Amino acid sequence: MTDPEESSRLEAERLAKIERIRVRGGEPYPWTFAGRVSTAEARAQCTGLAPGTEAAGSVRVAGRIRSIREHGQSSFLDLEDAAGSIQLFLRGEELGDRYDLALAEVDPGDIVGADGAPSVTRRGEPSIRVNSLELLAKAIHPPPDKYHGLKDPEARLRQRYVELLTSPESRVRFQGRYEILRETRRFFDAHGFMEAETAVLVPVAGGAAAEPFTTHSRYLDNDLQLRISLELPLKRLLVGGFERVYELGQVFRNEDLDTIHSPEFTLLEAYWAYADYLDMRGLVEQLYGELAAHVARRYPELPAAAGAPSLFRAPFATVDFVEALEAKMGTTGVLERSREELGALARAAGASVPEDSPAGVFLDKLFDKYVTPGLVRPTFVMDHPLATTPLAKRHRSKPGRVERFELFCGELELANAYTELNDPVEQERRFKAQAGGRAEAAYAFDADFVEALRYGMPPATGVGIGIDRAVMRLLGVSSIKEVRLFPQTRPKADAA
RNA sequence: GGGCCCGUAGCUCAGCCCGGUAGAGCAGGCGGCUCUUAACCGCAAGAUCGGGGGUUCGAAUCCCCUCGGGCCCGCCA
């Protein structure tokens, strides 16, 4: 919209101020500001003072000017930093020439440092009675409206920094996200898991049915893909002798984006040798319980966070995939139905899936249509049909099923776990059966992964958790773009 | 991919139905004001109305195309 070469008059005025500062020998972008305390600490030093009095001594605070209220020979500036904000009180009588200079040179949005006495105004507002005010970084762009903030949803995504500098609430959202990631790491570390960093660039992206991004290595002269899951490399680490491993990182799927899908998203996967999916179910239940307690403690002002502990109170509900589906459909024997029959049922339920999809796709669709919408509270869906899940071990007692659970909550999938398939012959057979179906629905055949299993992988369980969705649920955010700092947007085409 | 909605000054919005040549608040400029906190008062300034095309004597407004965004549905896990 605004050509950076062609500054608006507002920017021109601010650039002119910078020039004037330099002409009088000032520095609009100095190097540091020593001895600073946070506005929260400065505010603390004001407590207990009677209105209209000030403390002995002085403090130094620094941050962004949010608003300026000029009153002739005295003025009030609101200064904001990461810890909060505090009012600066400037008086011409004390500052002399520097009073007019400061007001002429400082605008809302500028970063400044102030030195002054902690005080409380006659109206009772904690303030710093300023002895000296120093410009630390001149802003050329004016900040958004001080009262309404930045509303334009497009600008909020494309220029997230503007939203962040304007809105403490948005900073809180991303602080909360960070803490959920940190607590998740702490949880797995505390349970003896080692964090691994596996390759992002791989010859063939596997472990899920998804369209990968592709790129090219000039040096190797071969095509590479960006990973779509963390599963296969982490299982290789189980083969290699690590018994508890996890990875928390970004994966990439070259697919549509909407409120719950982002082309890059943050995935946690954890693998645990000599344990099965019921062990993992307990671990996941505990993890969500701890995350819920954390966000409720830290963000009681967010209704979703405050309510999280009661929502995620153990034990979570448990339903059997097939029983739940048949109960909702009012039928029996879905596993005995032919692929064609299931396809017809799925289409009848309103799912538009290609007719040649494998049976597992139809079963997933039917479950989505019939059961998922009713799963408002956290619910473990157990023991999926084998056809839906090529990487899980067949169920020890239920024929035609695998040992798997998905955790749903309000239609969001919050975890997906298996007792992992570790029989290399069976794994190869299932990969090939998948490859017989539609290419888009298939898991990529990873010959080296089968080769790894041939060396022997211990019995194990694994879980995947979409961290963005967990953050959405825990903090009460409805769009995945609002929990990712820099979501993908279309490049803005130059209108010519 | 389908449907609905949005795009006007740096920011937040009005104007669009019913065509007559764009208006306010904040921010910025000038002036005033020594306790304000969405400070206040006065003056002046600020907009190729997302872009392109069409209809018309005349288009922010009506029509078509296009770009970007949001929501819903579909697809995708």
Side-chain angles (χ1 to χ4, degrees), chain A residues 1-3 6-14 16-17 51-52 65-79 85-95 99 104 107-109 119-127 129 139-159 162-163 166 207-211 228-229 251 253-263 265 267 350-354 357 360-361 364-365 368-369 372 388-389 406 412-413 416 440-441 443 464 466 469 478-479 481-482 487 489-496:
Chain A
M1 210 183 292
T2 307
D3 182 351
E6 197 179 70
S7 304
S8 75
R9 70 188 192 289
L10 294 177
E11 291 155 17
E13 276 159 7
R14 290 181 173 219
K17 287 184 187 180
I65 297 295
R66 275 185 78 87
S67 65
I68 299 175
R69 293 177 294 283
E70 277 189 64
H71 286 264
Q73 285 307 300
S74 77
S75 293
F76 301 91
L77 287 66
D78 291 330
L79 181 86
S85 67
I86 194 163
Q87 176 172 274
L88 304 181
F89 185 17
L90 274 61
R91 287 169 30 103
E93 158 185 305
E94 288 165 5
L95 295 171
Y99 178 80
D107 291 301
S119 66
V120 172
T121 62
R122 290 208 286 272
R123 293 293 181 90
E125 179 73 22
S127 303
R129 193 147 169 167
I140 292 170
H141 279 300
D145 188 281
K146 67 188 172 191
Y147 183 64
H148 297 96
L150 186 68
K151 288 274 182 59
D152 178 1
E154 184 177 343
R156 290 182 49 240
L157 299 180
R158 285 185 190 277
Q159 294 186 283
V162 180
E163 180 190 33
T166 306
E211 177 75 20
I228 58 174
S229 87
V251 302
R253 300 189 181 179
N254 204 343
E255 293 165 357
D256 274 359
L257 59 161
D258 60 33
T259 46
I260 58 169
H261 294 87
S262 168
F265 63 98
L267 183 63
S352 58
V353 272
S357 301
V361 170
D364 269 341
K365 271 291 140 198
D368 274 355
K369 289 289 173 189
T372 312
T388 65
T389 315
E406 284 179 286
L412 277 187
E413 185 197 66
N416 179 28
E440 314 89 83
Y443 286 57
R469 292 178 183 180
S478 60
S479 167
K481 288 184 179 175
E482 298 300 344
T489 50
R490 244 172 248 279
K492 198 108 175 178
D494 286 329

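In what follows, every chain begins at residue 1, and chains take the letters A, B, ... in the order their sequences are listed. It should be emphasised that the depicted structure is a prediction, and the values quoted were computed from it without experimental measurement.
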A/Lys151, nearest nucleotide to its side chain (from B/G69, B/A39, B/U12): B/U12

Closest to the A/Arg129 side chain, choosing from B/G70, B/C72, B/C35: B/C35

Test salt bridge (charged side-chain N to carboxylate O under 4.0 Å, His left out) applied to A/Arg66 - qualifying residues, sequence neighbours left out: A/Glu80

Watson-Crick or G-U counterpart of B/G20, or none if no pair lies under 3.5 Å: B/C57

Base-pairing assignment for B/C43 (Watson-Crick or G-U wobble, both under 3.5 Å): B/G29

Closest contact, heavy atoms only, A/Asp107 versus A/Lys17: OD1-NZ, 2.7 Å

Nearest-Å distance once atom C1' is located in both B/G52 and B/C40: 46 Å

Sugar-phosphate, base or nothing in reach of A/Asp107, heavy atoms under 4.0 Å: sugar-phosphate

Which residue lies more 5' along RNA chain B, comparing A/Ser479 with A/Glu406 via nearest heavy atoms: A/Ser479

Rounded distance in Å - CD (A/Gln87) to P (B/A39): 10 Å

A/Asp256 CG - B/G2 P separation (whole Å): 12 Å

Who pairs with B/C4 - Watson-Crick or G-U, where each distance is under 3.5 Å: B/G70

Whole-Å C1' distance, B/G20 and B/G58: 7 Å

Whole angstrom value for the distance that separates C1' of B/C76 from CZ of A/Arg253: 9 Å

Interatomic distance at P, B/C62 relative to B/G15, whole Å: 12 Å

Residues forming a side chain to side chain donor-acceptor pair (under 3.5 Å) with A/Lys146, sequence neighbours excluded: none

Selection from B/G29, B/A27, B/C33 that lies nearest to any side-chain heavy atom of A/Glu70: B/C33

Touch class at under 4.0 angstrom, heavy-atom based, for A/Gly149 against every strand present: sugar-phosphate

Nearest-Å distance for atom pair CZ/P, residues A/Arg156 and B/C71: 10 Å

Atom-to-atom span, CD1 of A/Ile140 to P of B/C11 - whole angstrom: 16 Å

Touch class at under 4.0 angstrom, heavy-atom based, for A/Ile228 against every strand present: nothing

Side-chain donor or acceptor of A/Gln73 paired with backbone N/O of A/Glu93 under 3.5 Å: no

Between B/G19 and B/A59 - P atom distance, rounded Å: 14 Å

C1' gap between B/G32 and B/A39, integer Å: 14 Å

Residue A/Lys146, side-chain atoms from C-beta onward, closest of B/C75, B/G29, B/A39: B/A39

Within-4.5 Å side-chain heavy-atom neighbours: A/Lys481 and A/Leu257: yes

Between P of B/C35 and CG of A/Asp78, the distance in whole Å: 16 Å

A/Glu482 CD to B/G70 P, straight-line distance once rounded to whole Å: 9 Å

Side-chain donor/acceptor of A/His71 to base of B/A39, under 3.5 Å: yes

Distance-minimising heavy-atom pair for A/Leu10 and A/Pro142: CD1-CG, 3.9 Å

Parallel, tilted or perpendicular, as decided by the 30° and 60° cut-offs, for the rings of A/Phe76 and A/Phe89: parallel

Sugar-phosphate, base or nothing in reach of A/Thr489, heavy atoms under 4.0 Å: sugar-phosphate

4.5 Å side-chain heavy-atom contact, A/Thr166 and A/Pro143: no

OP1 or OP2 of B/G74 under 4.0 Å from side-chain N/O of A/Lys369: yes

Among B/U34, B/A27, B/G70, the one nearest A/Pro153 by side-chain distance: B/G70

Minimum-distance nucleotide to A/Arg158 side chain [options: B/G69, B/G29, B/A39]: B/G69

Which nucleotide in B/C35, B/U37, B/C11 has an atom nearest any side-chain atom of A/Thr121: B/C35

Separation of B/C33 P from A/Phe76 CZ (nearest whole Å): 16 Å

Show each protein N/O and nucleotides 23-25 of chain B N/O combination with a separation under 3.5 Å, one pair to a line.
unit_1: B/G25; atom_1: N2; unit_2: A/Asp145; atom_2: OD2; d: 2.8

Between B/A38 and B/U8 - P atom distance, rounded Å: 27 Å

Nucleotide nearest A/Ala209 (side chain, heavy atoms from C-beta), chosen from B/G70, B/A77, B/G10: B/A77

Just the atom pairs and distances: protein N or O near nucleotides 44-47 of chain B's N or O, under 3.5 Å.
unit_1: B/G46; atom_1: O2'; unit_2: A/Arg9; atom_2: NE; d: 3.1
unit_1: B/G46; atom_1: O2'; unit_2: A/Arg9; atom_2: NH1; d: 2.1
unit_1: B/G46; atom_1: O2'; unit_2: A/Arg9; atom_2: NH2; d: 3.0

Close side-chain approach of A/Arg253 to A/Ser229, heavy-atom, < 4.5 Å: yes

Sugar-phosphate only, base, or nothing, as touched by A/Thr166 at under 4.0 Å among non-hydrogen atoms: nothing

Sugar-phosphate only, base, or nothing, as touched by A/Asp368 at under 4.0 Å among non-hydrogen atoms: base

A/Arg469 or A/Gln73, whichever maps to the more 5' nucleotide of RNA chain B: A/Gln73

Whether A/Arg158 side chain and A/Thr489 backbone form a donor-acceptor pair below 3.5 Å: no

Side chain to side chain donor-acceptor pair (under 3.5 Å) partners of A/Asp258, counting only residues at least two apart: A/His261

Beyond-backbone contact of A/Ile228 with A/Val251, side-chain heavy atoms, under 4.5 angstrom: no

Inter-nucleotide C1' distance (B/A24, B/G46), Å rounded: 13 Å

Distance between P atoms of B/C16 and B/U61 (Å, rounded): 12 Å

Partner set under side chain to side chain donor-acceptor pair (under 3.5 Å) for A/Arg69, not counting sequence neighbours: A/Ser67, A/Asp78, A/Gln87

Options B/G70, B/G74, B/A39, nucleotide nearest the side-chain atoms of A/Asp258: B/G74

Sugar-phosphate, base or nothing in reach of A/Ala351, heavy atoms under 4.0 Å: sugar-phosphate

